[in-house]
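Comments concern the structure below.
What's counted below: heavy atoms across the whole structure, side chains too, no hydrogens, waters or symmetry copies. We name chains A, B, ... by the order of the sequence lines, and we start the count at 1 in each one.
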Amino acid sequence: MLAKASATTNEIVLGSIEVPPDSALGDLSSTLAFALAKELKKNPGAIASEMLPKLQKMIEQEPLISKVETKGPYINIFFERAAFTDMTITSVSNAENTYGQSSHFKDKRVLIEFPAVNPSKPWHIGHARNAILGDTLSNILESVGYEVVKLDYINDLGLQIAQLVWKLKQISADEGEKKYDHYLGHLYVEVQETFDSSEEVQKEVREVSRHLENLQSDDAKISGEMVRRCVEAQCQTAYKLGIYHNYQVWESAIAHSGLLSLAKDMILQCDNIFKPEDGDKAGCIVANLSVIDEFKDMKDPHKILFRSDGTRTYTGADVALQLWKFGLVKDPFHYAVFEDQPNGKSVKRTTLEGEDENLGKFDIVLNVIASRQAHPQKMVYTVLDLMGYTKESENSHHIAYEFVGLEDEDFSGRHGTWIGYSTDDVIDRATEMAMVEVDKRNPDESDEFKNNVANQVAIGAIRYFMLNASPDRKITFRWEQALDFNGDAAPYLQYSLARARRILEKIQSDAKGKVDLGKLTSDAEFELVKAISRFPDEILDVAKALKKDVWGTGFISNRITAYGFGLATLFSKFYDSCPVLKAETGVREARLALVESFKITMTNCLKILGIPVVDRM
RNA sequence: GGGCACGUAGUCUAGCACGGAUAAGGCGCCAGCCUUCGAAGUUGGAGGUCCCAGGUUCGAAUCCUGGCGUGCCCGCCA
């Protein structure tokens, strides 16, 4: 319409549309006049007023728009409230629990890997950030039509594992009462002191490390048992946060599957990857990155993928795994159920004996990894590009996020700085604090009820805290901030929904006759309607914003928490100013319909965020 | 040495991709609102050199250049 009135393209008009700072100014506005002023060399205010009469005539045939005004150069558009409300509420109640979903990326498949914590320690709160981001991103991608496969990577062959196996052989079997991952985590810290100070120990650990390569060795059996128990314990933490996977890739399975030699053969086919005959990298397999514009000025553009003794570097292994993820190599793995998860689905792991399975092709592959790994990730994708897999390289995304740390240090497994800040500790403390609040409000309820609610509030608060921070910002962990249950936090969203449910509970669901939604005319009501109507676009925007950047692919998780917070705020204002049950007949039914729409939208929003819906709190 | 990110009230942040109306929230502080659907709520108030300096523009927190400060990354390691 604006395009017609101004004789310009739709694209320019769409770019000029924005939401005014104050809804009294309009529901939408356009800065088109500014853009035109440049071309026409006229005063933008004049252009806007010239366009106004044309626009006013045109909206007579637009049922959704009631009026158009100008304020200086701004063209402000007002919706026809009754029609807009009717349209929104009808579409919400038709879609119900699928409201917010779309089929924009239908038939696309995505593989997402997170959090890949070493099986030698409990998750600290930074690992939780990774996992929560990965899980929420998975929810979003599912909402916009993707088929999502969630993958975890278990490095059961690292130095950390050898050190722990060495330590386990030194001590008696008494583990005490600790959760197994915590037990190992503490052992690991102990090992470091002896390891760093004794060459003898280092030698012995290297010996263990060699044994681990042989799956039949005693050390490998100790390791297998240890890692299995550790991963099981870590999974317990994940489940508390509502995080589940489809597959686990174990490093030991990779090492013995033949994947690396398959990949090596493919890599050597490539012109820009070769074996230097002399120099300091003689005998290695290196990628020549200098052919890529971005790396051409590097001091040494030769990145080693396989060492001179034939073993792979991290980058080499990552390239092999990335090839597998895209289905570019024949799947060399067998699969077996690792365990059944509380969500009713089982998670499978790669094994050497077990069933074949075809994971199939993926359109995009996401790796959720700390942003300090941006450089190595980029190397992997670049090598894919060098190999001629340009499309796969482009569709490889490093979902980058900053670390969670303390005031003046980062969490470190080696130094044990995570102690006291494990995800389990934080959940426990959050639950205790939530319990105090729950108890205050529901003194007469059963312990079961109170425990349940406290847990739901705690989990919600932690997930929200992690998602509400923009992923490119470092989080300094402070208890009072992470576990604040007031204001911009999960309980606010949960609470708004609980209130809505209480209202709906108090009416008998009498036959839904014709409801005149035109009765919803106040600002508080209409603002809520507008927010509800935006939900599907908000989700889609976040999915579409997954674009590559120099340092990774940004996932704006905070957009969804901000949306949820805004939605809850508008409901709270509506709740405060518009009584529902005591309203006169007609208005009452219309408001009930609005509350129902809010309930559906907020429920779906919390589902995407992974925040539990609390009935009463 | 090179690269990346960050710098916004006392404090924690949003906004920056794609420039637009009075810079938006939470916490904290001050003052109101519970015989009316749940006060984990709500209404109002105080609080700002958007790190600095230039530039582009009718218009810059947002774009460009140059600084300053903070964190991180650049191994045949793991």
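Taking atom P on both nucleotides, B:G15 is separated from B:A5 by 16 Å, rounded to a whole Å. The P atoms of B:U57 and B:G19 are separated by 16 Å, rounded to the nearest whole Å.
A heavy-atom distance below 4.0 Å to RNA chain B is reached by these residues of residues 276-285 of chain A, ordered by number: A:Asp280, A:Lys281, A:Cys284.
For A:Thr313 against B:C76, no side-chain N or O and base N or O form a donor-acceptor pair under 3.5 Å. Donor-acceptor pairing under 3.5 Å, judged by distance alone, is absent between the side chain of A:Thr31 and the base of B:A21. Put simply, the side chain of A:Arg502 and the base of B:G38 share a donor and an acceptor less than 3.5 Å apart.
Proximity note for A:Arg499 (side chain, C-beta onward) versus B:C37, B:G41, B:A40: the nearest is B:G41.
Among the atoms of the strands shown, none is found under 4.0 Å from any heavy atom of A:Phe306. Here A:Ala469 lies out of heavy-atom contact (under 4.0 Å) with every strand. Contacts of A:Pro20 with the nucleic acid, taken as non-hydrogen atoms under 4.0 Å apart, include base atoms. Contacts of A:Asp541 with the nucleic acid, taken as non-hydrogen atoms under 4.0 Å apart, are absent.
A salt bridge is defined here as a Lys NZ or Arg NE, NH1 or NH2 lying under 4.0 Å from an Asp or Glu carboxylate O, and A:Arg414 with A:Glu409 fails to meet this definition. Classification of A:Asp523 and A:Lys573 as a salt-bridged pair fails, no side-chain N sitting under 4.0 Å from a carboxylate O.
In this structure, A:Tyr492 forms no aromatic stack with the base of B:A40, since the conditions of centre separation below 5.5 Å and plane angle below 30° are not both met.
Syn is the conformation of B:C34, whose glycosidic angle sits no further than 90° from 0.
Phosphate proximity of B:C4 to A:Ser371: absent, as no side-chain N or O sits under 4.0 Å from OP1 or OP2.
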